[in-house]
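This report concerns only the one structure given below.
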Amino acid sequence: MKKIIGLLLLSAVLFGTLSCTKKAKADPVAALKARGTFVLGLDDSFPPLGYRDDNNEIVGYDIDLAKEVAKRLGVSFKAQPIDWDAKEMELETGKIDCIWNGFTITEDRKNALSFTFAYLNNEQVLVVRNGSGIKTLADMKGKTLGIQSGSSAQDAVDEDANKEFKKNLANIIAFKDNITALNDLKIGGVDGVVMDSVVANYTISLTKEPFYVLNEALANEAYGIGFRKNEPELRDEVQKILIEMQKDGTVAAISQKWFGKDLSVIGK
């Protein structure tokens with residue numbers, strides 16, 4: 001009897017283990033399609049990649065790309081604003097399916113997430129006021145710098161290559177988003193703001209604010225899309241669709257709409 005009970009218990013354990021294994025290996029693409037909605041996590045003040053327009057609608061280059069990806073996946077699309085400083089936590093807790101909003105590819109992030117290939121190049125640059133006298137990064141010595149908390153701009157300032165630049169600053173003020181940082185730059189609260197060149201140039205051209213971007217960049221980088229580490233299949237499916245969109249001209253058309261030319265690096 002004890003032998004029979006032992007065998008039954010062993011069978012139950014094996015069955016449970018197999019069930020857990022099957023559950024762990026569930027197809028994230030099929031799971032997404034079953035849910036019916038592709039949820040993109042973003043900072044909704046990051047023009048022209050993802051931001052709110054005059055009608056308070058979330059629009060942008062990344063948004064148009066993601067909407068088309070969702071369409072080709074056969075699901076609806078939702079843009080979910082998140083705290084950018086806690087973006088990885090938002091992803092891991094399942095509140096969003098991916099981080100897609102000027103999300104810079106780094107080695108640390110590649111180790112923690114399933115990252116796509118680069119789809120757009122970028123630089124971290126310094127934005128200053130016209131007439132400030134600041135022409136180079138060295139001119140920021142003794143000045144106050146504004147930066148978005150948890151951003152790639154913050155990572156760039158912290159890099160060893162920019163340690164002299166950082167050391168010479170009088171102060172660094174962290175802001176929730178770039179728009180708030182630029183507003184502070186306008187009133188003289190900070191002397192410069194380090195941010196993405198894509199966002200800086202678009203914002204200046206759109207708002208006509210008295211700012212300019214230094215030619216000297218702090219870092220060169222590329223944007224990718226971050227998925228949960230255990231869901232590379234979903235990452236691969238989105239990559240496949242993006243390649244299809246590049247080949248059929250959809251990506252070029254979206255880039256032309258937002259930038260006036262094709263800036264995509266997909267497949268290049």
State whether R72 and D248 are salt-bridged, where the test is any N-O pair (Lys NZ or Arg NE/NH1/NH2 against Asp/Glu carboxylate O) under 4.0 Å. yes
Got a salt bridge between E90 and K87, using NZ or NE/NH1/NH2 to carboxylate O under 4.0 Å? no
Do you see a donor-acceptor pair shorter than 3.5 Å between the side chains of D62 and Y223? no
pair K143-N168: side-chain heavy atoms closer than 4.5 Å: no
Quick check: does any side chain N or O of D262 sit under 3.5 Å from a backbone N or O of S255, one acting as donor and the other as acceptor? no
Does a side-chain heavy-atom distance below 4.5 Å link V198 with P48? yes
I want to know whether F115 and F103 have ring centres closer than 6.0 Å. yes
Salt bridge check, E237 against K240: does any charged N sit closer than 4.0 Å to a carboxylate O? yes
OH of Y61 to CD1 of I254, rounded to nearest 0.5 Å, is 7.0 Å
We want to know whether N101 and W84 form a side-chain donor-acceptor pair, criterion being a heavy-atom distance below 3.5 angstrom. no
Check R35, R235, K78 against D97 for a salt bridge (Lys or Arg N to Asp or Glu O under 4.0 Å) and give me the one that passes. R35
Atom CD1 in I173, atom OG1 in T180: separation rounded to 0.5 Å? 12.5 Å
Can you confirm whether more than 12 heavy atoms, excluding those of K167, are under 6.0 Å from its NZ atom? no
Q124 versus S152, side-chain donor and acceptor atoms under 3.5 Å: no
Looking only at atom types and distance, does a side-chain atom of T144 sit under 3.5 Å from a main-chain N or O of V190, one as donor and one as acceptor? no
Using a distance-only test with no angle check, is there a side-chain donor-acceptor pair under 3.5 angstrom linking N122 and E221? yes
Check for a donor-acceptor pair, side chain of R228 on one end and backbone N or O of E92 on the other, with a separation under 3.5 Å. no
Heavy atoms from other residues, nucleotides or ligands near CG of N130 exceed 12 (cutoff 6.0 Å): yes
